[in-house]
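Here the structure comes first, spelled out in C-alpha coordinates, and everything after it is commentary.
What you see below is based on every heavy atom in this structure, not just the backbone, and it leaves out hydrogens, waters and symmetry mates. Chain naming here is simple, since letters A, B, ... match the order of the sequence lines and numbering starts at 1 in each.
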Amino acid sequence: MALYVYNSLTRRKEKFEPLHEGRVHIYVCGPTVYDYPHIGHAKSYISFDIVVRYLHYLGYKVRYVQNITDVGHLLDSGEDRILKGAKRERVEPMELVERYTRAYFEAMDALNVLRPDISPHAAAHVPEQIELVETLLKKGYAYEVNGSVYYDVSKWPDYGKLSGRKVEEQQAGARLEVNPEKHHPADFALWKKAEPEHVMQWNSPWGRGYPGWHIECSTMSMKYLGETIDIHGGGMENQFPHHECEIAQSEAATGKPFVKYWMHNNMVLVDGVKMSKSLGNFTTISQALEKYSGEQIRFFILQTGYRSPVDFSDEAVKAAGQGLEKLQTTLRNIKQYLDRAKDGAEAPVVTELCAKYRSLFEKEMDDDFNTPAAIGQLFEFSKEINKLLSADAGLSKESVEILFATYKELSQNVLGLLKEGGVEQVSVSPFIDLLISLRNELRHRKEWGLADQIRDELMKNGVIIEDKKGASQWRFKE
RNA sequence: GGCGGCGUAGCCAAGUGGCUAAGGCGGAGGUCUGCAAAACCUCUAUUCAUCGGUUCGACUCCGAUCGCCGCCUCCA
(Lines give C-alpha, C1' and ligand atoms only; values in the text may rest on other atoms or scores of the structure.)
Protein backbone atom coordinates (compact mmCIF):
# COMPACT_ATOMS: atom_id res chain seq x y z
CA MET A 1 0.00 0.00 0.00
CA ALA A 2 1.05 3.52 -0.61
CA LEU A 3 0.27 6.72 1.22
CA TYR A 4 -2.44 8.91 -0.29
CA VAL A 5 -2.77 12.54 0.70
CA TYR A 6 -5.68 14.87 0.05
CA ASN A 7 -4.23 17.81 -1.83
CA SER A 8 -6.25 21.00 -1.42
CA LEU A 9 -4.74 22.29 -4.65
CA THR A 10 -6.29 19.55 -6.78
CA ARG A 11 -9.14 18.71 -4.39
CA ARG A 12 -8.45 15.02 -4.54
CA LYS A 13 -6.41 12.36 -2.86
CA GLU A 14 -3.07 11.87 -4.55
CA LYS A 15 -0.41 9.25 -4.15
CA PHE A 16 2.31 10.71 -1.99
CA GLU A 17 5.63 10.88 -3.77
CA PRO A 18 8.24 13.13 -2.20
CA LEU A 19 10.38 15.36 -4.38
CA HIS A 20 13.52 13.68 -3.11
CA GLU A 21 13.47 9.99 -2.43
CA GLY A 22 13.37 9.09 1.21
CA ARG A 23 13.00 12.61 2.55
CA VAL A 24 10.13 14.98 3.11
CA HIS A 25 10.19 18.74 3.58
CA ILE A 26 7.15 20.08 5.37
CA TYR A 27 6.16 23.58 6.41
CA VAL A 28 3.19 24.35 8.65
CA CYS A 29 1.88 27.83 9.46
CA GLY A 30 2.62 28.41 13.12
CA PRO A 31 0.90 30.57 15.70
CA THR A 32 0.93 34.32 16.11
CA VAL A 33 2.23 34.54 19.64
CA TYR A 34 0.17 37.31 21.17
CA ASP A 35 -2.06 35.26 23.46
CA TYR A 36 -2.51 31.77 24.94
CA PRO A 37 -3.07 28.91 22.52
CA HIS A 38 -6.55 27.35 22.48
CA ILE A 39 -8.14 24.08 21.46
CA GLY A 40 -8.26 25.23 17.85
CA HIS A 41 -4.47 25.38 17.80
CA ALA A 42 -4.43 21.93 19.37
CA LYS A 43 -6.37 20.42 16.48
CA SER A 44 -4.16 21.98 13.88
CA TYR A 45 -0.83 21.05 15.38
CA ILE A 46 -1.91 17.59 16.51
CA SER A 47 -3.07 16.95 12.94
CA PHE A 48 0.30 17.81 11.48
CA ASP A 49 2.09 16.05 14.30
CA ILE A 50 0.36 12.90 13.06
CA VAL A 51 1.52 13.60 9.52
CA VAL A 52 5.11 13.95 10.69
CA ARG A 53 4.95 10.91 12.96
CA TYR A 54 3.46 8.71 10.28
CA LEU A 55 6.04 9.85 7.73
CA HIS A 56 8.71 8.88 10.25
CA TYR A 57 7.00 5.54 10.75
CA LEU A 58 7.10 4.96 6.99
CA GLY A 59 10.83 5.52 7.12
CA TYR A 60 11.12 9.01 5.66
CA LYS A 61 13.63 11.51 6.85
CA VAL A 62 11.54 14.55 7.67
CA ARG A 63 12.47 18.19 8.06
CA TYR A 64 9.60 20.00 9.71
CA VAL A 65 9.56 23.79 9.83
CA GLN A 66 6.88 25.73 11.66
CA ASN A 67 7.15 29.48 11.95
CA ILE A 68 6.47 31.72 14.91
CA THR A 69 4.72 34.88 13.76
CA ASP A 70 5.92 37.79 15.81
CA VAL A 71 5.49 40.71 13.44
CA GLY A 72 3.29 41.97 10.66
CA HIS A 73 0.08 40.13 11.41
CA LEU A 74 -2.45 42.93 11.59
CA LEU A 75 -5.90 43.26 13.08
CA ASP A 76 -8.84 44.80 11.23
CA SER A 77 -7.99 48.06 12.90
CA GLY A 78 -4.59 47.98 11.22
CA GLU A 79 -2.91 47.43 14.55
CA ASP A 80 -0.19 44.82 14.80
CA ARG A 81 -1.33 41.92 17.00
CA ILE A 82 1.97 41.83 18.81
CA LEU A 83 1.98 45.54 19.54
CA LYS A 84 -1.57 45.42 20.79
CA GLY A 85 -0.71 42.53 23.11
CA ALA A 86 2.41 44.32 24.33
CA LYS A 87 0.36 47.39 25.16
CA ARG A 88 -2.24 45.29 26.96
CA GLU A 89 0.38 43.62 29.13
CA ARG A 90 2.69 46.63 29.35
CA VAL A 91 5.76 44.78 28.15
CA GLU A 92 8.24 44.99 25.32
CA PRO A 93 6.89 43.40 22.13
CA MET A 94 9.63 40.79 22.18
CA GLU A 95 8.89 40.10 25.83
CA LEU A 96 5.32 39.33 24.87
CA VAL A 97 6.55 37.15 22.03
CA GLU A 98 8.78 35.20 24.40
CA ARG A 99 6.01 34.78 26.93
CA TYR A 100 3.54 33.32 24.47
CA THR A 101 6.08 31.33 22.53
CA ARG A 102 6.88 29.52 25.76
CA ALA A 103 3.19 29.09 26.55
CA TYR A 104 2.69 27.65 23.10
CA PHE A 105 5.46 25.07 23.40
CA GLU A 106 4.41 24.11 26.90
CA ALA A 107 0.87 23.50 25.68
CA MET A 108 2.13 21.45 22.74
CA ASP A 109 4.39 19.40 25.01
CA ALA A 110 1.40 18.61 27.21
CA LEU A 111 -0.44 17.33 24.14
CA ASN A 112 2.59 15.23 23.20
CA VAL A 113 3.08 17.16 19.97
CA LEU A 114 6.65 16.71 18.78
CA ARG A 115 8.50 19.97 18.35
CA PRO A 116 9.29 21.08 14.82
CA ASP A 117 12.90 20.74 13.67
CA ILE A 118 13.08 24.49 13.09
CA SER A 119 10.83 27.19 14.61
CA PRO A 120 11.94 30.34 12.84
CA HIS A 121 10.69 33.74 13.97
CA ALA A 122 9.47 36.19 11.35
CA ALA A 123 11.13 39.15 13.05
CA ALA A 124 14.47 37.36 12.88
CA HIS A 125 14.18 37.07 9.10
CA VAL A 126 13.47 40.62 8.04
CA PRO A 127 16.54 40.93 5.73
CA GLU A 128 15.51 37.78 3.87
CA GLN A 129 11.97 39.08 3.54
CA ILE A 130 13.24 42.37 2.15
CA GLU A 131 15.30 40.44 -0.40
CA LEU A 132 12.24 38.58 -1.57
CA VAL A 133 10.26 41.80 -1.91
CA GLU A 134 13.12 43.29 -3.95
CA THR A 135 13.08 40.29 -6.26
CA LEU A 136 9.36 40.71 -6.81
CA LEU A 137 9.79 44.40 -7.56
CA LYS A 138 12.63 43.66 -9.97
CA LYS A 139 10.55 41.09 -11.79
CA GLY A 140 7.65 43.49 -12.08
CA TYR A 141 5.21 41.64 -9.82
CA ALA A 142 5.07 44.39 -7.24
CA TYR A 143 4.91 48.16 -7.01
CA GLU A 144 5.87 50.71 -4.41
CA VAL A 145 3.55 53.44 -3.18
CA ASN A 146 4.59 55.91 -0.53
CA GLY A 147 6.98 53.61 1.32
CA SER A 148 4.80 50.50 1.07
CA VAL A 149 5.14 47.69 -1.45
CA TYR A 150 2.18 45.77 -2.80
CA TYR A 151 1.90 42.61 -4.83
CA ASP A 152 0.23 43.21 -8.17
CA VAL A 153 -2.34 40.47 -8.46
CA SER A 154 -3.16 41.41 -12.05
CA LYS A 155 0.34 40.24 -13.08
CA TRP A 156 -0.32 36.76 -11.74
CA PRO A 157 -3.10 35.00 -13.67
CA ASP A 158 -2.89 31.93 -11.42
CA TYR A 159 -4.00 33.94 -8.39
CA GLY A 160 -6.94 32.01 -6.94
CA LYS A 161 -5.85 28.55 -8.03
CA LEU A 162 -5.72 27.20 -4.49
CA SER A 163 -8.97 28.60 -3.19
CA GLY A 164 -10.88 28.39 -6.48
CA ARG A 165 -11.71 32.07 -6.44
CA LYS A 166 -11.74 34.65 -9.15
CA VAL A 167 -10.60 38.10 -8.17
CA GLU A 168 -13.48 39.73 -10.11
CA GLU A 169 -16.08 37.75 -8.19
CA GLN A 170 -14.99 38.77 -4.74
CA GLN A 171 -16.78 41.59 -3.03
CA ALA A 172 -14.10 44.21 -2.71
CA GLY A 173 -14.24 45.83 0.66
CA ALA A 174 -16.77 43.28 1.94
CA ARG A 175 -15.25 43.44 5.36
CA LEU A 176 -12.50 46.04 5.26
CA GLU A 177 -12.29 49.43 3.60
CA VAL A 178 -10.40 49.35 0.35
CA ASN A 179 -6.92 50.75 0.75
CA PRO A 180 -6.64 53.65 -1.76
CA GLU A 181 -2.91 53.05 -2.21
CA LYS A 182 -3.55 49.71 -3.91
CA HIS A 183 -3.99 49.55 -7.68
CA HIS A 184 -6.52 46.79 -7.22
CA PRO A 185 -8.41 45.86 -4.05
CA ALA A 186 -7.06 42.30 -4.25
CA ASP A 187 -3.43 43.45 -4.16
CA PHE A 188 -1.78 42.70 -0.87
CA ALA A 189 1.02 44.23 1.17
CA LEU A 190 4.53 42.84 0.95
CA TRP A 191 6.04 45.64 2.97
CA LYS A 192 4.28 48.34 5.00
CA LYS A 193 5.50 51.80 5.78
CA ALA A 194 5.71 52.33 9.53
CA GLU A 195 4.41 55.38 11.27
CA PRO A 196 6.90 56.75 13.85
CA GLU A 197 4.83 55.39 16.77
CA HIS A 198 4.88 51.86 15.34
CA VAL A 199 7.46 50.27 17.62
CA MET A 200 8.52 47.36 15.45
CA GLN A 201 10.16 48.80 12.34
CA TRP A 202 13.20 48.17 10.23
CA ASN A 203 15.24 49.97 7.58
CA SER A 204 14.47 48.98 4.04
CA PRO A 205 15.08 50.31 0.53
CA TRP A 206 11.63 51.95 0.86
CA GLY A 207 12.22 53.61 4.23
CA ARG A 208 11.29 52.50 7.74
CA GLY A 209 8.69 49.76 7.79
CA TYR A 210 7.77 46.19 8.56
CA PRO A 211 7.01 43.07 6.51
CA GLY A 212 3.53 42.05 5.40
CA TRP A 213 2.05 38.96 6.97
CA HIS A 214 2.20 36.57 4.02
CA ILE A 215 5.82 37.16 3.04
CA GLU A 216 7.30 35.51 6.14
CA CYS A 217 6.07 32.04 5.26
CA SER A 218 7.36 32.21 1.70
CA THR A 219 10.71 33.48 2.89
CA MET A 220 11.30 31.00 5.69
CA SER A 221 9.91 28.05 3.80
CA MET A 222 12.31 28.70 0.94
CA LYS A 223 15.23 29.45 3.23
CA TYR A 224 15.05 26.22 5.18
CA LEU A 225 13.29 23.82 2.85
CA GLY A 226 14.04 25.00 -0.68
CA GLU A 227 12.09 26.73 -3.43
CA THR A 228 9.74 23.80 -3.86
CA ILE A 229 8.64 21.79 -0.86
CA ASP A 230 6.65 18.59 -0.40
CA ILE A 231 3.93 19.58 2.04
CA HIS A 232 2.61 22.88 3.29
CA GLY A 233 0.01 22.67 6.02
CA GLY A 234 -2.24 25.01 7.88
CA GLY A 235 -5.76 25.74 9.02
CA MET A 236 -8.53 25.90 6.45
CA GLU A 237 -9.26 29.52 7.22
CA ASN A 238 -5.78 30.37 5.96
CA GLN A 239 -6.34 28.86 2.56
CA PHE A 240 -7.49 32.25 1.42
CA PRO A 241 -5.95 34.74 1.44
CA HIS A 242 -2.81 33.68 3.28
CA HIS A 243 -1.81 30.59 1.33
CA GLU A 244 -3.02 31.99 -1.96
CA CYS A 245 -0.71 34.95 -1.44
CA GLU A 246 2.18 32.72 -0.45
CA ILE A 247 1.85 30.84 -3.71
CA ALA A 248 1.65 34.02 -5.79
CA GLN A 249 4.72 35.57 -4.14
CA SER A 250 6.85 32.47 -4.14
CA GLU A 251 6.08 31.24 -7.62
CA ALA A 252 6.42 34.70 -9.13
CA ALA A 253 9.80 35.07 -7.45
CA THR A 254 11.27 31.67 -8.35
CA GLY A 255 9.31 30.63 -11.42
CA LYS A 256 8.94 27.22 -9.79
CA PRO A 257 6.04 25.50 -8.05
CA PHE A 258 6.03 26.43 -4.37
CA VAL A 259 4.36 23.39 -2.83
CA LYS A 260 3.52 19.92 -4.08
CA TYR A 261 0.83 18.98 -1.55
CA TRP A 262 -1.29 21.52 0.30
CA MET A 263 -2.99 20.19 3.41
CA HIS A 264 -5.65 22.01 5.40
CA ASN A 265 -7.14 20.99 8.69
CA ASN A 266 -10.72 21.81 9.62
CA MET A 267 -11.90 23.85 12.57
CA VAL A 268 -12.85 23.26 16.16
CA LEU A 269 -16.43 24.34 16.80
CA VAL A 270 -18.28 25.27 19.93
CA ASP A 271 -22.02 24.65 19.69
CA GLY A 272 -21.66 24.51 15.94
CA VAL A 273 -19.68 27.69 15.38
CA LYS A 274 -15.98 28.20 14.98
CA MET A 275 -13.88 28.55 18.08
CA SER A 276 -11.95 31.76 17.66
CA LYS A 277 -10.27 34.55 19.46
CA SER A 278 -12.54 37.15 17.95
CA LEU A 279 -15.76 35.39 19.00
CA GLY A 280 -14.38 34.87 22.48
CA ASN A 281 -15.77 31.33 22.61
CA PHE A 282 -12.42 29.66 23.06
CA THR A 283 -11.02 27.39 25.72
CA THR A 284 -7.29 27.75 26.17
CA ILE A 285 -5.27 24.58 26.26
CA SER A 286 -4.17 25.24 29.81
CA GLN A 287 -7.80 25.69 30.88
CA ALA A 288 -8.68 22.40 29.23
CA LEU A 289 -5.73 20.71 30.95
CA GLU A 290 -7.26 21.56 34.31
CA LYS A 291 -10.16 19.27 33.47
CA TYR A 292 -8.68 16.68 31.12
CA SER A 293 -5.33 15.09 30.50
CA GLY A 294 -3.36 16.16 27.45
CA GLU A 295 -3.69 12.67 26.12
CA GLN A 296 -7.46 12.76 26.50
CA ILE A 297 -7.64 15.98 24.50
CA ARG A 298 -5.33 14.52 21.89
CA PHE A 299 -7.39 11.34 21.62
CA PHE A 300 -10.60 13.34 21.38
CA ILE A 301 -9.18 15.30 18.47
CA LEU A 302 -7.83 12.23 16.70
CA GLN A 303 -11.20 10.52 16.86
CA THR A 304 -12.32 12.93 14.15
CA GLY A 305 -10.53 13.24 10.83
CA TYR A 306 -8.33 16.28 10.38
CA ARG A 307 -10.46 17.47 7.45
CA SER A 308 -13.68 17.30 9.48
CA PRO A 309 -14.78 19.91 11.97
CA VAL A 310 -15.09 18.80 15.58
CA ASP A 311 -17.45 20.20 18.17
CA PHE A 312 -15.70 20.70 21.49
CA SER A 313 -17.92 19.86 24.44
CA ASP A 314 -17.47 18.52 27.91
CA GLU A 315 -19.63 15.52 27.14
CA ALA A 316 -17.69 14.56 24.02
CA VAL A 317 -14.26 14.88 25.65
CA LYS A 318 -15.41 12.77 28.59
CA ALA A 319 -16.77 10.08 26.27
CA ALA A 320 -13.44 10.03 24.47
CA GLY A 321 -11.68 9.64 27.81
CA GLN A 322 -13.69 6.48 28.54
CA GLY A 323 -12.59 4.93 25.30
CA LEU A 324 -8.99 5.92 25.81
CA GLU A 325 -8.98 4.23 29.18
CA LYS A 326 -9.88 0.98 27.51
CA LEU A 327 -6.80 1.18 25.30
CA GLN A 328 -4.65 2.07 28.29
CA THR A 329 -5.95 -0.91 30.25
CA THR A 330 -4.88 -3.20 27.45
CA LEU A 331 -1.36 -1.81 27.56
CA ARG A 332 -1.30 -2.42 31.33
CA ASN A 333 -2.62 -5.94 30.81
CA ILE A 334 0.16 -6.73 28.38
CA LYS A 335 2.81 -5.32 30.69
CA GLN A 336 1.53 -7.32 33.64
CA TYR A 337 1.44 -10.49 31.60
CA LEU A 338 4.95 -9.80 30.38
CA ASP A 339 6.23 -9.60 33.94
CA ARG A 340 5.24 -13.20 34.66
CA ALA A 341 5.68 -14.71 31.19
CA LYS A 342 8.31 -17.40 30.76
CA ASP A 343 10.84 -17.79 27.98
CA GLY A 344 9.76 -19.77 24.98
CA ALA A 345 9.16 -19.69 21.28
CA GLU A 346 7.09 -17.08 19.50
CA ALA A 347 3.53 -18.27 19.05
CA PRO A 348 2.41 -18.08 15.41
CA VAL A 349 -1.03 -16.78 16.49
CA VAL A 350 0.62 -13.77 18.02
CA THR A 351 2.84 -13.04 15.05
CA GLU A 352 -0.13 -13.31 12.72
CA LEU A 353 -2.33 -11.15 14.92
CA CYS A 354 0.27 -8.40 15.04
CA ALA A 355 0.90 -8.52 11.31
CA LYS A 356 -2.83 -8.41 10.64
CA TYR A 357 -3.56 -5.36 12.73
CA ARG A 358 -0.42 -3.56 11.71
CA SER A 359 -1.51 -3.91 8.13
CA LEU A 360 -5.10 -2.85 8.84
CA PHE A 361 -3.85 0.14 10.80
CA GLU A 362 -1.46 1.15 8.02
CA LYS A 363 -4.21 0.82 5.45
CA GLU A 364 -6.28 3.40 7.30
CA MET A 365 -3.36 5.74 7.90
CA ASP A 366 -2.32 5.44 4.26
CA ASP A 367 -5.73 6.81 3.36
CA ASP A 368 -4.95 10.45 4.08
CA PHE A 369 -4.07 9.90 7.75
CA ASN A 370 -7.46 8.49 8.69
CA THR A 371 -6.89 8.46 12.44
CA PRO A 372 -10.51 7.70 13.46
CA ALA A 373 -10.46 4.53 11.38
CA ALA A 374 -6.96 3.64 12.54
CA ILE A 375 -8.12 4.03 16.13
CA GLY A 376 -11.04 1.74 15.30
CA GLN A 377 -8.51 -0.90 14.28
CA LEU A 378 -6.60 -0.32 17.47
CA PHE A 379 -9.75 -1.07 19.46
CA GLU A 380 -10.21 -4.31 17.56
CA PHE A 381 -6.57 -5.17 18.11
CA SER A 382 -6.95 -4.38 21.78
CA LYS A 383 -9.95 -6.70 22.04
CA GLU A 384 -8.03 -9.55 20.40
CA ILE A 385 -5.09 -9.00 22.71
CA ASN A 386 -7.27 -9.11 25.80
CA LYS A 387 -8.87 -12.31 24.60
CA LEU A 388 -5.48 -13.90 24.10
CA LEU A 389 -4.16 -12.75 27.45
CA SER A 390 -7.20 -13.82 29.44
CA ALA A 391 -7.29 -17.22 27.73
CA ASP A 392 -3.98 -17.64 29.54
CA ALA A 393 -2.60 -20.02 26.98
CA GLY A 394 0.81 -19.78 28.59
CA LEU A 395 2.17 -17.28 26.11
CA SER A 396 5.94 -17.03 26.07
CA LYS A 397 7.82 -13.90 26.98
CA GLU A 398 8.91 -13.62 23.34
CA SER A 399 5.30 -13.70 22.15
CA VAL A 400 4.13 -11.10 24.62
CA GLU A 401 7.07 -8.89 23.75
CA ILE A 402 5.96 -8.79 20.13
CA LEU A 403 2.43 -7.87 21.23
CA PHE A 404 3.83 -5.18 23.49
CA ALA A 405 6.13 -3.75 20.84
CA THR A 406 3.49 -3.71 18.11
CA TYR A 407 0.78 -2.24 20.28
CA LYS A 408 3.14 0.43 21.54
CA GLU A 409 4.52 1.28 18.14
CA LEU A 410 1.08 1.98 16.70
CA SER A 411 -0.41 3.74 19.69
CA GLN A 412 2.64 5.57 21.02
CA ASN A 413 4.97 6.23 18.11
CA VAL A 414 2.38 6.89 15.42
CA LEU A 415 -0.59 8.29 17.33
CA GLY A 416 1.32 9.75 20.26
CA LEU A 417 -1.04 8.13 22.76
CA LEU A 418 -0.75 5.79 25.76
CA LYS A 419 2.25 7.48 27.23
CA GLU A 420 3.54 5.33 30.06
CA GLY A 421 4.48 6.67 33.43
CA GLY A 422 2.10 9.59 33.32
CA VAL A 423 -0.21 8.13 35.92
CA GLU A 424 2.64 7.45 38.34
CA GLN A 425 3.26 11.16 38.71
CA VAL A 426 0.65 11.52 41.46
CA SER A 427 1.65 12.46 44.96
CA VAL A 428 2.34 9.63 47.42
CA SER A 429 0.89 11.54 50.35
CA PRO A 430 -2.68 10.21 50.21
CA PHE A 431 -1.37 6.68 50.21
CA ILE A 432 0.88 7.21 53.20
CA ASP A 433 -2.04 8.84 55.03
CA LEU A 434 -4.11 5.78 54.21
CA LEU A 435 -1.48 3.38 55.56
CA ILE A 436 -1.21 5.40 58.75
CA SER A 437 -4.94 5.42 59.35
CA LEU A 438 -5.02 1.65 58.84
CA ARG A 439 -2.09 1.30 61.24
CA ASN A 440 -3.86 3.39 63.86
CA GLU A 441 -6.90 1.14 63.53
CA LEU A 442 -4.59 -1.83 64.20
CA ARG A 443 -3.10 -0.02 67.24
CA HIS A 444 -6.59 0.49 68.62
CA ARG A 445 -7.10 -3.25 68.32
CA LYS A 446 -3.71 -3.75 69.91
CA GLU A 447 -2.52 -5.69 66.87
CA TRP A 448 0.99 -4.43 67.48
CA GLY A 449 2.81 -6.86 65.24
CA LEU A 450 1.12 -5.73 62.04
CA ALA A 451 1.17 -2.08 63.14
CA ASP A 452 4.91 -2.20 63.72
CA GLN A 453 5.43 -3.96 60.43
CA ILE A 454 3.78 -1.05 58.61
CA ARG A 455 5.98 1.43 60.49
CA ASP A 456 9.14 -0.52 59.71
CA GLU A 457 8.30 -0.94 56.02
CA LEU A 458 7.55 2.76 55.68
CA MET A 459 10.83 3.54 57.44
CA LYS A 460 12.68 1.39 54.91
CA ASN A 461 11.11 3.49 52.16
CA GLY A 462 12.18 6.73 53.76
CA VAL A 463 9.04 7.65 55.67
CA ILE A 464 9.30 8.31 59.38
CA ILE A 465 6.23 8.00 61.59
CA GLU A 466 5.97 9.84 64.84
CA ASP A 467 3.06 8.94 67.11
CA LYS A 468 1.96 12.03 68.94
CA LYS A 469 -0.91 12.46 71.33
CA GLY A 470 -4.11 12.05 69.34
CA ALA A 471 -2.48 11.86 65.93
CA SER A 472 0.38 10.32 64.02
CA GLN A 473 2.61 12.57 61.94
CA TRP A 474 4.91 11.52 59.18
CA ARG A 475 7.77 13.03 57.29
CA PHE A 476 10.33 12.00 54.72
CA LYS A 477 13.75 10.95 56.00
CA GLU A 478 16.29 13.66 55.02
C1' G B 1 -23.56 37.80 -4.34
C1' G B 2 -19.03 34.34 -5.11
C1' C B 3 -15.99 29.95 -3.46
C1' G B 4 -15.70 25.51 -0.45
C1' G B 5 -17.59 21.88 2.94
C1' C B 6 -21.14 19.13 5.95
C1' G B 7 -26.02 16.39 7.22
C1' U B 8 -24.76 8.24 8.83
C1' A B 9 -28.06 4.99 15.62
C1' G B 10 -29.60 8.38 22.04
C1' C B 11 -24.42 10.92 21.46
C1' C B 12 -19.41 11.05 18.88
C1' A B 13 -17.59 9.09 14.27
C1' A B 14 -15.40 5.96 9.83
C1' G B 15 -16.85 4.08 5.22
C1' U B 16 -18.24 1.77 0.25
C1' G B 17 -21.44 1.74 -7.02
C1' G B 18 -23.57 -4.63 -5.13
C1' C B 19 -20.69 -9.49 0.55
C1' U B 20 -23.47 -8.68 7.52
C1' A B 21 -23.08 0.25 6.92
C1' A B 22 -16.14 0.20 11.09
C1' G B 23 -15.04 1.81 15.90
C1' G B 24 -15.97 4.55 20.55
C1' C B 25 -19.43 6.55 24.38
C1' G B 26 -24.10 5.58 26.58
C1' G B 27 -27.90 1.67 27.44
C1' A B 28 -29.81 -3.73 28.14
C1' G B 29 -28.59 -8.78 29.18
C1' G B 30 -24.82 -12.52 30.13
C1' U B 31 -19.75 -15.13 31.30
C1' C B 32 -15.84 -14.76 34.84
C1' U B 33 -15.22 -13.18 40.15
C1' G B 34 -15.70 -14.10 47.77
C1' C B 35 -17.52 -8.92 46.50
C1' A B 36 -15.86 -5.39 43.18
C1' A B 37 -12.97 -3.72 39.07
C1' A B 38 -11.07 -5.11 34.48
C1' A B 39 -11.73 -8.23 30.47
C1' C B 40 -14.79 -11.08 27.21
C1' C B 41 -19.73 -12.45 24.76
C1' U B 42 -24.76 -10.98 22.89
C1' C B 43 -28.21 -7.10 21.71
C1' U B 44 -28.81 -1.59 20.65
C1' A B 45 -29.27 2.07 12.08
C1' U B 46 -33.71 -3.07 7.05
C1' U B 47 -31.07 2.26 6.78
C1' C B 48 -27.27 6.86 5.64
C1' A B 49 -31.42 15.13 5.84
C1' U B 50 -35.70 15.28 2.04
C1' C B 51 -37.46 14.62 -2.97
C1' G B 52 -36.39 13.22 -7.84
C1' G B 53 -32.91 11.18 -11.72
C1' U B 54 -28.86 7.86 -13.80
C1' U B 55 -28.01 2.49 -13.11
C1' C B 56 -29.47 -4.44 -13.29
C1' G B 57 -28.19 -2.17 -8.42
C1' A B 58 -26.85 4.16 -4.68
C1' C B 59 -26.08 5.77 1.50
C1' U B 60 -22.09 6.32 -2.29
C1' C B 61 -22.81 9.42 -8.91
C1' C B 62 -26.14 13.69 -10.88
C1' G B 63 -30.02 17.51 -9.96
C1' A B 64 -33.26 20.13 -6.75
C1' U B 65 -34.95 21.33 -1.82
C1' C B 66 -34.25 22.03 3.46
C1' G B 67 -30.83 22.76 7.55
C1' C B 68 -25.86 23.85 9.33
C1' C B 69 -20.73 25.57 8.92
C1' G B 70 -16.16 27.95 6.95
C1' C B 71 -13.82 31.62 3.65
C1' C B 72 -14.28 36.33 0.51
C1' U B 73 -7.69 40.32 2.76
C1' C B 74 -8.16 39.26 11.45
C1' C B 75 -7.79 33.67 13.10
C1' A B 76 -4.89 26.98 13.78
TODO: Kindly state which residues belonging to residues 34-57 of chain A come within less than 4.0 angstrom of RNA chain B, counting heavy atoms of the residue only, listed by number.
DONE: His38(A), Gly40(A), His41(A), Ser44(A), Tyr45(A)
- [ ] For the pair Asp49(A) and Arg53(A), find out whether any cationic side-chain nitrogen is under 4.0 Å from an anionic carboxylate oxygen.
- [x] yes
Task: Non-hydrogen atoms of Ala288(A) and Ile39(A) that approach each other most closely - done: CB-CD1, 3.7 Å
Open item on the list: Salt bridge check, Asp314(A) against Lys318(A): does any charged N sit closer than 4.0 Å to a carboxylate O?
Closed with: yes
Task: Identity of whatever pairs with A28(B) - Watson-Crick or G-U, under 3.5 angstrom - done: U42(B)
Between protein and nucleotides 21-26 of chain B, what N or O pairs are separated by less than 3.5 Å?
{"unit_1": "C25(B)", "atom_1": "OP2", "unit_2": "Lys326(A)", "atom_2": "NZ", "d": "3.4"}

Task: Under-4.0 Å side-chain N/O to phosphate OP1/OP2 contact, Asn370(A) with G15(B) - done: yes
Task: For Ser218(A), the option from Gln249(A), Gln129(A), Lys223(A), Glu251(A) that meets side-chain hydrogen bond (donor to acceptor under 3.5 Å, both in side chains) - done: Gln249(A)
TODO: Would you indicate, yes or no, if C41(B) has its OP1 or OP2 atom less than 4.0 angstrom from a side-chain nitrogen or oxygen of Lys387(A)?
DONE: yes
Task: Which residues share a side chain to side chain contact (heavy atoms under 4.5 Å, CB included) with Ala142(A), sequence neighbours left out - done: Leu136(A), Leu137(A), Val149(A), Leu190(A)
Open item on the list: Tell me whether the side-chain N/O atoms of Ser313(A) come closer than 4.0 Å to OP1 or OP2 in C12(B).
Closed with: no
Open item on the list: Assess whether a salt bridge exists between Arg99(A) and Glu89(A), defined as any Lys/Arg side-chain N lying under 4.0 Å from an Asp/Glu carboxylate O.
Closed with: yes
Task: G1(B): pairing nucleotide in any strand, Watson-Crick or G-U under 3.5 angstrom - done: C72(B)
TODO: Using only side-chain N and O atoms of Asn386(A), determine if any of them is under 4.0 Å from OP1 or OP2 of C40(B).
DONE: yes
Open item on the list: Could you tell me if Thr283(A) and His38(A) have a donor-acceptor pair between their side chains, going purely by distance under 3.5 Å?
Closed with: no
Task: Heavy atoms of other groups near Gln287(A) CD, more than 12 under 6.0 Å - done: yes
- [ ] Report the distance from atom CD1 of Ile334(A) to atom P of A39(B), rounded to the nearest whole Å.
- [x] 13 Å
Task: Residue matched to U50(B) through Watson-Crick or wobble contacts both under 3.5 angstrom - done: A64(B)
Open item on the list: Strictly by Watson-Crick or wobble contacts shorter than 3.5 Å, is anything paired with C35(B), and which nucleotide is it?
Closed with: none
Task: Presence of Thr371(A) side-chain N/O under 4.0 Å of A14(B) phosphate oxygens OP1/OP2 - done: no
Task: A13(B) to G24(B) separation - P atoms, rounded to the nearest Å - done: 16 Å
TODO: May I ask which nucleotide in the shown strands pairs with A21(B), Watson-Crick or G-U wobble, both distances under 3.5 Å?
DONE: none
